[in-house]
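This report refers to the structure that appears directly beneath it.
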Amino acid sequence: MENCLFCKIAAGEIPSNKIYEDDKVLAFYDIEPQAPVHFLVIPKEHICCADAIDSSNSAIVAYIFEVIAKIAKELKLEKGYRIVNNCGEEGGQTVKHLHFHVLGGRLLAWPPG
Ligand code: AMP
Ligand code: ZN
(Lines give C-alpha, C1' and ligand atoms only; values in the text may rest on other atoms or scores of the structure.)
(Ligands and ions follow the chains in the order given, each with its own letter.)
Protein backbone atom coordinates (compact mmCIF):
# COMPACT_ATOMS: atom_id res chain seq x y z
CA MET A 1 0.00 0.00 0.00
CA GLU A 2 1.53 3.28 -1.12
CA ASN A 3 2.09 6.01 1.43
CA CYS A 4 1.35 3.75 4.36
CA LEU A 5 3.84 4.40 7.16
CA PHE A 6 3.63 0.92 8.64
CA CYS A 7 3.89 -0.78 5.21
CA LYS A 8 7.11 1.21 4.77
CA ILE A 9 8.35 0.16 8.20
CA ALA A 10 7.42 -3.48 7.42
CA ALA A 11 9.36 -3.25 4.16
CA GLY A 12 12.39 -1.77 5.94
CA GLU A 13 12.10 1.47 3.96
CA ILE A 14 11.70 3.43 7.20
CA PRO A 15 13.79 2.32 10.17
CA SER A 16 12.24 1.05 13.38
CA ASN A 17 13.49 -0.25 16.68
CA LYS A 18 12.63 -3.88 16.03
CA ILE A 19 11.86 -6.45 18.69
CA TYR A 20 10.69 -9.36 16.56
CA GLU A 21 10.23 -10.06 12.87
CA ASP A 22 9.22 -12.99 10.72
CA ASP A 23 7.57 -13.39 7.32
CA LYS A 24 4.11 -12.42 8.64
CA VAL A 25 4.54 -9.83 11.40
CA LEU A 26 6.80 -7.16 12.80
CA ALA A 27 7.05 -5.90 16.39
CA PHE A 28 8.81 -2.62 17.11
CA TYR A 29 8.94 0.00 19.85
CA ASP A 30 6.51 2.91 19.65
CA ILE A 31 8.25 6.17 18.84
CA GLU A 32 6.20 7.99 21.52
CA PRO A 33 6.04 5.51 24.40
CA GLN A 34 3.10 5.84 26.78
CA ALA A 35 4.50 3.38 29.31
CA PRO A 36 7.97 2.05 30.26
CA VAL A 37 7.36 -0.71 27.72
CA HIS A 38 5.33 0.25 24.65
CA PHE A 39 5.63 -1.64 21.42
CA LEU A 40 3.47 -2.24 18.37
CA VAL A 41 2.79 -5.46 16.51
CA ILE A 42 1.68 -5.23 12.89
CA PRO A 43 0.89 -7.67 10.12
CA LYS A 44 3.24 -7.21 7.16
CA GLU A 45 0.18 -7.45 4.93
CA HIS A 46 -1.68 -4.14 4.70
CA ILE A 47 -4.98 -4.33 6.60
CA CYS A 48 -6.42 -0.91 7.32
CA CYS A 49 -7.99 -1.57 10.66
CA ALA A 50 -9.76 -4.01 12.97
CA ASP A 51 -12.99 -3.20 11.16
CA ALA A 52 -11.58 -4.90 8.04
CA ILE A 53 -11.02 -8.24 9.79
CA ASP A 54 -13.08 -11.05 8.32
CA SER A 55 -12.75 -14.80 7.77
CA SER A 56 -10.18 -14.22 5.00
CA ASN A 57 -7.62 -12.49 7.23
CA SER A 58 -8.51 -13.16 10.87
CA ALA A 59 -5.78 -15.81 11.30
CA ILE A 60 -3.15 -13.08 11.44
CA VAL A 61 -4.83 -11.62 14.52
CA ALA A 62 -4.53 -14.92 16.39
CA TYR A 63 -0.92 -15.14 15.29
CA ILE A 64 -0.20 -11.60 16.49
CA PHE A 65 -1.55 -12.52 19.92
CA GLU A 66 0.78 -15.54 20.00
CA VAL A 67 3.72 -13.28 19.16
CA ILE A 68 2.68 -10.78 21.83
CA ALA A 69 2.62 -13.51 24.50
CA LYS A 70 6.10 -14.64 23.45
CA ILE A 71 7.55 -11.11 23.49
CA ALA A 72 5.87 -10.31 26.82
CA LYS A 73 7.69 -13.26 28.38
CA GLU A 74 10.99 -12.17 26.86
CA LEU A 75 10.49 -8.63 28.17
CA LYS A 76 9.51 -9.99 31.59
CA LEU A 77 6.08 -8.38 31.69
CA GLU A 78 4.93 -11.02 34.16
CA LYS A 79 3.05 -8.44 36.25
CA GLY A 80 0.75 -7.81 33.30
CA TYR A 81 0.30 -5.59 30.33
CA ARG A 82 -2.39 -4.13 28.10
CA ILE A 83 -3.08 -4.86 24.44
CA VAL A 84 -4.83 -1.98 22.68
CA ASN A 85 -6.24 -1.59 19.21
CA ASN A 86 -7.51 1.82 18.21
CA CYS A 87 -10.00 1.54 15.36
CA GLY A 88 -11.20 4.46 13.26
CA GLU A 89 -11.49 8.14 14.00
CA GLU A 90 -13.39 7.95 17.29
CA GLY A 91 -11.27 5.00 18.35
CA GLY A 92 -8.21 7.24 18.10
CA GLN A 93 -6.53 5.45 15.19
CA THR A 94 -3.92 7.69 13.56
CA VAL A 95 -2.01 5.16 11.43
CA LYS A 96 -4.36 3.31 9.10
CA HIS A 97 -2.54 -0.02 9.10
CA LEU A 98 -3.74 -2.56 11.67
CA HIS A 99 -1.57 -2.53 14.78
CA PHE A 100 -1.78 -3.68 18.35
CA HIS A 101 -0.19 -1.58 21.07
CA VAL A 102 1.33 -3.48 23.98
CA LEU A 103 1.84 -1.37 27.10
CA GLY A 104 3.44 -2.49 30.33
CA GLY A 105 5.90 -1.76 33.08
CA ARG A 106 3.54 0.39 35.14
CA LEU A 107 0.05 0.20 36.60
CA LEU A 108 -2.36 1.18 33.82
CA ALA A 109 -5.55 3.08 34.65
CA TRP A 110 -8.96 1.81 33.65
CA PRO A 111 -11.17 2.94 31.97
CA PRO A 112 -9.07 4.79 29.38
CA GLY A 113 -10.04 8.36 28.49
P1 AMP B 1 -2.68 4.79 16.72
O2 AMP B 1 -2.89 6.17 17.25
O3 AMP B 1 -3.38 3.72 17.50
O4 AMP B 1 -2.97 4.72 15.23
O5 AMP B 1 -1.16 4.47 16.95
C6 AMP B 1 -0.13 4.85 16.11
C7 AMP B 1 1.12 4.76 16.91
O8 AMP B 1 2.22 4.74 16.03
C9 AMP B 1 1.35 5.93 17.89
O10 AMP B 1 1.45 5.42 19.22
C11 AMP B 1 2.65 6.55 17.39
O12 AMP B 1 3.45 7.01 18.45
C13 AMP B 1 3.28 5.39 16.67
N14 AMP B 1 4.21 5.77 15.61
C15 AMP B 1 4.05 6.70 14.64
N16 AMP B 1 5.11 6.73 13.83
C17 AMP B 1 5.98 5.79 14.30
C18 AMP B 1 7.28 5.34 13.88
N19 AMP B 1 7.91 5.86 12.82
N20 AMP B 1 7.87 4.37 14.62
C21 AMP B 1 7.26 3.84 15.69
N22 AMP B 1 6.03 4.20 16.12
C23 AMP B 1 5.41 5.17 15.44
ZN1 ZN C 1 0.03 -0.47 5.38
Side-chain angles (χ1 to χ4, degrees):
M1 175 65 72
E2 253 176 69
N3 287 327
C4 171
L5 174 64
F6 286 177
C7 279
K8 287 182 180 164
I9 287 179
E13 290 164 19
I14 291 177
S16 65
N17 192 357
K18 283 181 202 174
I19 304 172
Y20 174 85
E21 180 172 22
D22 63 25
D23 56 329
K24 296 193 284 283
V25 302
L26 176 68
F28 55 100
Y29 286 105
D30 197 291
I31 207 167
E32 271 185 60
Q34 302 301 316
V37 176
H38 183 180
F39 62 91
L40 305 173
V41 188
I42 65 170
K44 287 194 168 175
E45 168 197 10
H46 182 85
I47 298 171
C48 72
C49 52
D51 204 42
I53 298 295
D54 60 24
S55 58
S56 76
N57 59 14
S58 60
I60 196 68
V61 177
Y63 185 63
I64 284 172
F65 273 67
E66 280 183 43
V67 168
I68 289 172
K70 221 180 284 181
I71 296 172
K73 286 177 188 71
E74 280 164 16
L75 298 182
K76 307 209 181 312
L77 294 174
E78 66 275 345
K79 284 183 159 176
Y81 52 92
R82 183 170 296 165
I83 301 170
V84 173
N85 171 259
N86 297 324
C87 180
E89 194 186 334
E90 291 201 354
Q93 183 177 8
T94 58
V95 178
K96 292 180 176 49
H97 178 126
L98 182 68
H99 54 280
F100 292 88
H101 297 255
V102 181
L103 301 127
R106 68 169 169 83
L107 186 61
L108 299 160
W110 188 262

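One-based numbering, in listed order, for ligands and for the atoms of each. Keep in mind it's a predicted model, so treat the numbers as computed, not measured. Scope of the values below: all heavy atoms of this structure, side chains included, with no hydrogens, waters or symmetry mates.
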Side-chain ion pair, K44 and E21, N-O less than 4.0 Å: yes
Within 6.0 Å of CD in E90, more than 12 heavy atoms from elsewhere: no
Close approach of H101 to ligand 1, heavy atoms, under 4.0 angstrom: yes
Plane angle bin for H38 and H101 - parallel if under 30°, tilted between 30 and 60°, otherwise perpendicular: tilted
Side-chain touch V102/R82, heavy atoms, less than 4.5 angstrom: no
Hydrophobic cluster identity match, F6 and V84, side-chain contacts under 4.5 Å: no
N57 CG: over 12 foreign heavy atoms closer than 6.0 Å: yes
Those atoms of ligand 1 less than 4.0 Å from some heavy atom in Y29: 21 (C)
Any donor-acceptor pair under 3.5 Å from R106 side chain to Q34 backbone: yes
The Zn ion (ligand 2) to nearest N/O/S of C48 less than 2.8 Å: no
For atom 11 (C) of ligand 1, the protein heavy atom that lies nearest, with its residue and separation: D30 OD1, 3.4 Å
Atom name in H46, limited to N/O/S, at shortest distance from the Zn ion (ligand 2): ND1
Among the N, O or S atoms of H97, the one nearest the Zn ion (ligand 2): ND1
For L40, atoms of ligand 1 separated by under 4.0 Å from a heavy atom: 8 (O), 22 (N)
Proximal atoms of ligand 1 relative to Q93 (non-hydrogen, under 4.0 Å): 4 (O)
Passing candidate, side-chain contact (heavy atoms from CB on, under 4.5 Å) with I64, options V61, V67, I68: I68
Test item: Q93 side-chain N/O and G88 main-chain N/O as donor-acceptor pair under 3.5 Å: yes
Contact check: F28 vs ligand 1, nitrogen or oxygen atoms, below 3.5 angstrom: no
Residue, atom name and distance, where the atom is the protein heavy atom closest to atom 16 (N) of ligand 1: L5 CD2, 3.4 Å
Proximity of F39 and Y81 rings by center, below 6.0 Å: no
Nearest-contact summary for atom 8 (O) of ligand 1 - protein heavy atom, Å: F6 CZ, 3.5 Å
Close approach of N85 to ligand 1, heavy atoms, under 4.0 angstrom: no
Per-atom contacts of ligand 1 with E32, taking only distances under 4.0 Å to non-hydrogen atoms: 12 (O)
Atoms in ligand 1 flagged as close to V95, the criterion being non-hydrogen separation under 4.0 Å: 4 (O), 6 (C)
N17 heavy atom under 4.0 Å from ligand 1: no
Heavy-atom nearest neighbour in the protein, as seen from atom 2 (O) of ligand 1, with distance rounded to 0.1 Å: T94 OG1, 2.9 Å
Which residue and heavy atom of the protein sit nearest atom 1 (P) of ligand 1, plus the separation: H99 NE2, 3.1 Å
Atom 17 (C) of ligand 1 - nearest protein heavy atom and its distance: I31 CG2, 3.7 Å
Apex the Zn ion (ligand 2) - arms SG from C7 and SG from C4 - angle rounded to 10°: 120°
Structural part of I9 in contact with ligand 1, heavy atom criterion under 4.0 angstrom: side chain
Side chains of F28 and I19 in contact at under 4.5 Å (non-hydrogen atoms): no
Heavy atom of G92, distance to ligand 1 below 4.0 Å: yes
Side chain D30, main chain L40, donor-acceptor under 3.5 Å: no
I47 vs H97 side-chain heavy atoms within contact, under 4.5 Å: no
